[in-house]
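Note that the structure is a prediction, hence the values are computed from the model and not measured. Just so you know, residue 1 is the first one in the sequence shown, and it goes up from there.
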Amino acid sequence: MNDRSIIESPEPGPRRGWVDHYMPEAYPQPYQAPRQLFDISSIRGMLFRQRWLFAGVLLATAIIGLIVTLLTTPLYEAQSSVRVEPYGQYIVEGQDIEQPFGSNQIYDYMQTQVAVIESRNLANTVAENLNLGERSALLGEDFEEGRPPNISDDEWSRTRTAAAAGILQSQVDADIPDDNWIIKIAYRSSDNVLAAELANAYADAFALTDTQSALELNEYARDYIEDQIVTVRERLEEAEQAANAYARDSQIIVQPGTDLGSGPTTLTASNLSAINQRVSEARAKRIEAEQRWRSVQNVPAGQLPEAQTNSVLQTLISQRTNLRTRLAELRQRYNDDFPEIQNVLQQISILDEQIGRTAAEIKAGIRNNYIVARNQEQALTGELNSLTGDTLAEQDQQVQLSVLEREAQALRDQLQSLLARYNQLSSATNVDTGAFTKLDNATVPQTPYAPSLLRNMTMAIVIGLALAGGLAVLRETFDDRIRSLDEVEDKLGLPLLGQTPYVDERDIDVSENQFGALMESYAAIRSSIDFALPRDRNVLQCTSTEAAEGKSTTIVILAELFARMGRKTLLIDGDFRRPSIAKLLDIEKPKVGFAEVLLGHTDFESALVKGVHENLDILPIAETPTNPSELFAEENLREFIAKRRDEYSLVLFDSSPVLGLADAPMLSRAVDATIFVMEANRIQFGKVNAAKRRLENGGAKMLGVILTKYRALQAGEDYSYQYAYYQYGDDK
């Protein structure tokens, strides 16, 4: 019995972890929810990785914003305000000649006034009022030098005024607040005194323009209404004379207190109206009675609603019901020949006759009501026909008279309305409407409006953030390095055996701190390997994509951890290109090593280094062979592994990197499983995938991946994960 048999696990057969790697179809993988395209961790990781890019871009944009602010000519803004009364403040009637508008049109009205303030017309008015065409404060001293030859003084004055108006229009701004009816007029200029003067001039011109427009509109309306009064008065006189002449010729006498067109105006018409109303009422009663009779004509009399509510009929029915109940009780004891039964039958027969007769009388009453209503309608219709002929002739004459009278009345109303409106406008002609009044004068600003250091720096920072974000996303798009734990399994399709935190090489001291973050992580990895690897598969290879990813450190620490468990472990330096096991374990370079054993130049025991750690034997490399790939291709390697398999509980190979070399893929054919070591945030996915594909094509049985030098902040994890995940206890 050897050492390996003593420490072997008593569990029979391979463990499930091994089966999952070699026969994945036997055990379906558990469901994994699809990962989100963007989550907090990925965004946080990107921000940390691109922090220097963000800092540089933000600093550059801030400097540019500061330079632009310092080089920009300062502008001063002066503000005046005008109070607006959209519905007007009317002193007398007649000032409200403008068409009113609804409350939902207030915003459109205010926008219209803003457009008036910013218009070219008002700019020309202000330029003319202040004689800006002759002043150099606005146009500048150099404007006179651009005067074209052969131009008159009047034309040049108009040109200067138009130029000043153009400058005014480009510098003025009006604003409408949301909670009041006050328009603020702002003017910006490099001269603060001129800015205040022009802001006040705009407010005065705007208010005066509105007043003049209202007065001119009132004057025009008064003249127009005066002409209309004369015309309507003449037409009214002609209409009244025509109506009186026609009534006299037709001998139409209108009843006192009536008006043509409003109802009956003669006795004949009144009688016809009254009889017509009675005919309508009789027709309605007849239709109602007829419909009632037709609806019950074929209905049994006993089922009519009137029969159901008739007290006499209901009393007879109740008596009959009682007798039938009595008859049913008697028939239970006697036959129909019994005298009392005969008496009850006779009483029931009499009640049936009474019930039928009463119901028939009710139904006959409905029919009689219909006949009476029909006769009344016929009589009234005959009377109506007799009166209709008498009123036809008078009605034709009355229609023409009504037309003439209505025309005259319409002219009377129109003349009265025009006279009232004329009186209102005459009173309001010289009264200011007060729709726009100047509220506040503009004061001379002491501090410039622009450039604003705070606003410019804020814009620079916003632009810098957007630019830095775009550049960061672009860099992340073209950067396919593997950083996080989830990316290992998602991209490579291999199980993650564990990860080790980033530790500076100068701080790696395995012997002194057995409970540090690095050793705790390797202890977790050792447990994962111990669970995934069956006892009869005890030869492992450790490789990586490129050099300096931590594979040699990983295999040395794992060998020591397995040895501390009591498992007899053999650590072999299989990296003939750059051997490092002896250096990591601080042992003297031997004279013979692994290459000499494979070539048969020495025996295994002579090349073995013992005593470094209990249960740990080391087979380093003495001299680097010229043909390392051929050593792995020979049968001697398989024979060597077959012998060591039975002698040791665990055999660990530190092989060379995969890319560019054939050693690792060739060694992977002879070992039981391959552990792939990968440095986080360094190796690109394309290289890692190519190395994995080379190993799999060479026949490697991939046990899993160990992610070394893992920085949680680079992967988007929080600060506590970076610095406290691997430590436990009070003393950190």
Side-chain angles (χ1 to χ4, degrees), residues 505 508 510 538-560 562-563 568-613 615-645 647-648 650-677 691 695 698 700 708:
E505 294 183 359
I508 299 178
V510 178
N538 61 339
V539 181
L540 298 179
Q541 172 196 11
C542 187
T543 186
S544 61
T545 304
E546 296 178 349
E549 292 191 61
K551 63 175 181 59
S552 299
T553 303
T554 297
I555 199 67
V556 168
I557 296 177
L558 289 177
E560 294 179 354
F562 277 110
K568 189 176 181 181
T569 305
L570 174 61
L571 176 60
I572 302 175
D573 192 348
D575 189 355
F576 291 115
R577 313 287 179 165
R578 189 183 295 175
S580 58
I581 297 298
K583 180 179 179 182
L584 289 174
L585 292 174
D586 196 17
I587 60 178
E588 185 179 356
K589 183 178 180 181
K591 297 180 180 180
V592 292
F594 183 40
E596 287 76 13
V597 173
L598 290 181
L599 294 173
H601 297 167
T602 184
D603 61 315
F604 174 70
E605 293 295 334
S606 299
L608 200 63
V609 177
K610 298 182 178 182
V612 178
H613 290 288
N615 296 322
L616 177 61
D617 294 341
I618 301 169
L619 184 58
I621 293 178
E623 298 295 334
T624 302
T626 57
N627 54 349
S629 300
E630 297 179 2
L631 293 179
F632 290 128
E634 295 179 356
E635 190 63 26
N636 295 339
L637 176 63
R638 298 185 181 275
E639 295 178 358
F640 172 81
I641 292 177
K643 293 178 181 179
R644 306 290 90 79
R645 184 190 302 277
E647 296 177 4
Y648 290 91
L650 192 65
V651 179
L652 302 177
F653 279 91
D654 178 27
S655 65
S656 58
V658 177
L659 291 185
L661 302 174
D663 300 5
M666 297 180 66
L667 179 59
S668 64
R669 301 176 185 177
V671 299
D672 296 331
T674 298
I675 298 175
F676 196 77
V677 176
L695 289 172
T708 60

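For Thr569, there are no side chain to side chain donor-acceptor pair (under 3.5 Å) partners two or more places apart in sequence or in a different chain. Residues passing the side chain to side chain contact (heavy atoms under 4.5 Å, CB included) test with Arg577, sequence neighbours excluded: Asp575, Pro628, Ser629, Ser656, Leu661, Asp663. Among residues two or more places apart in sequence or in another chain, the side chain to side chain donor-acceptor pair (under 3.5 Å) test is passed with Gln541 by Ser655, Thr674. With sequence neighbours left out, the ring-ring contact (aromatic ring centres under 6.0 Å, His included) criterion links Phe576 to Phe594, Phe632. For Arg669, there are no side chain to side chain donor-acceptor pair (under 3.5 Å) partners two or more places apart in sequence or in a different chain.
Here the side chains of Thr545 and Val658 are not in contact, with every heavy-atom distance at 4.5 Å or above. Side-chain contact between Val539 and Arg644 is absent, with no heavy-atom pair separated by less than 4.5 Å. Side-chain contact between Asp617 and Lys568 is present, with at least one heavy-atom pair separated by less than 4.5 Å. Side-chain contact between Arg645 and Asp672 is present, with at least one heavy-atom pair separated by less than 4.5 Å. A 4.5 Å side-chain heavy-atom check between Pro657 and Lys551 finds at least one atom pair inside the cut-off.
Taking CG from Asp573 and CG from Leu652, the interatomic distance works out to 12.0 Å, rounded to the nearest 0.5 Å. For the atom pair CD (Glu588) and CG (Asp586), the distance works out to 10.5 Å, reported to the nearest 0.5 Å. Summarising the geometry, atom CZ belonging to Phe653 is positioned 12.0 Å from atom CD1 belonging to Ile581; distances are rounded to the nearest 0.5 Å.
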Do any side-chain atoms of residues 595-609 form donor-acceptor pairs under 3.5 angstrom with protein atoms, and if so which ones, sequence neighbours left out?
{"residue": "Glu596", "atom": "OE1", "partner": "Gly593", "partner atom": "N", "Å": "2.8"}
{"residue": "Asp603", "atom": "OD1", "partner": "Ser606", "partner atom": "OG", "Å": "2.3"}
{"residue": "Asp603", "atom": "OD2", "partner": "Ser606", "partner atom": "OG", "Å": "3.3"}

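Among Ile555, Leu540, Thr554, the single residue meeting the side chain to side chain contact (heavy atoms under 4.5 Å, CB included) criterion with Ile675 is Leu540.
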Verdict with reasoning, Cys542 to Val677, per side-chain contact (heavy atoms from CB on, under 4.5 Å): CA-CA 7 Å; Cys542 187; Val677 176; 3.3 Å; yes
Worked verdict on Leu667 versus Thr543 for side-chain contact (heavy atoms from CB on, under 4.5 Å): CA-CA 10 Å; Leu667 179 59; Thr543 186; over 6 Å; no
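Between the side chain of Asn615 and the backbone N or O of Ala563, at least one donor-acceptor pair lies under 3.5 Å.
The two residues Gly574 and Ile621 come nearest to each other via the heavy atoms C-CD1, 4.3 Å. Shortest non-hydrogen contact noted between Asp654 and Ser552 is OD2-OG, 2.7 Å. Contact record, Leu570 with Ile618: CD1-N, 4.4 Å, taken as the closest heavy-atom pair.
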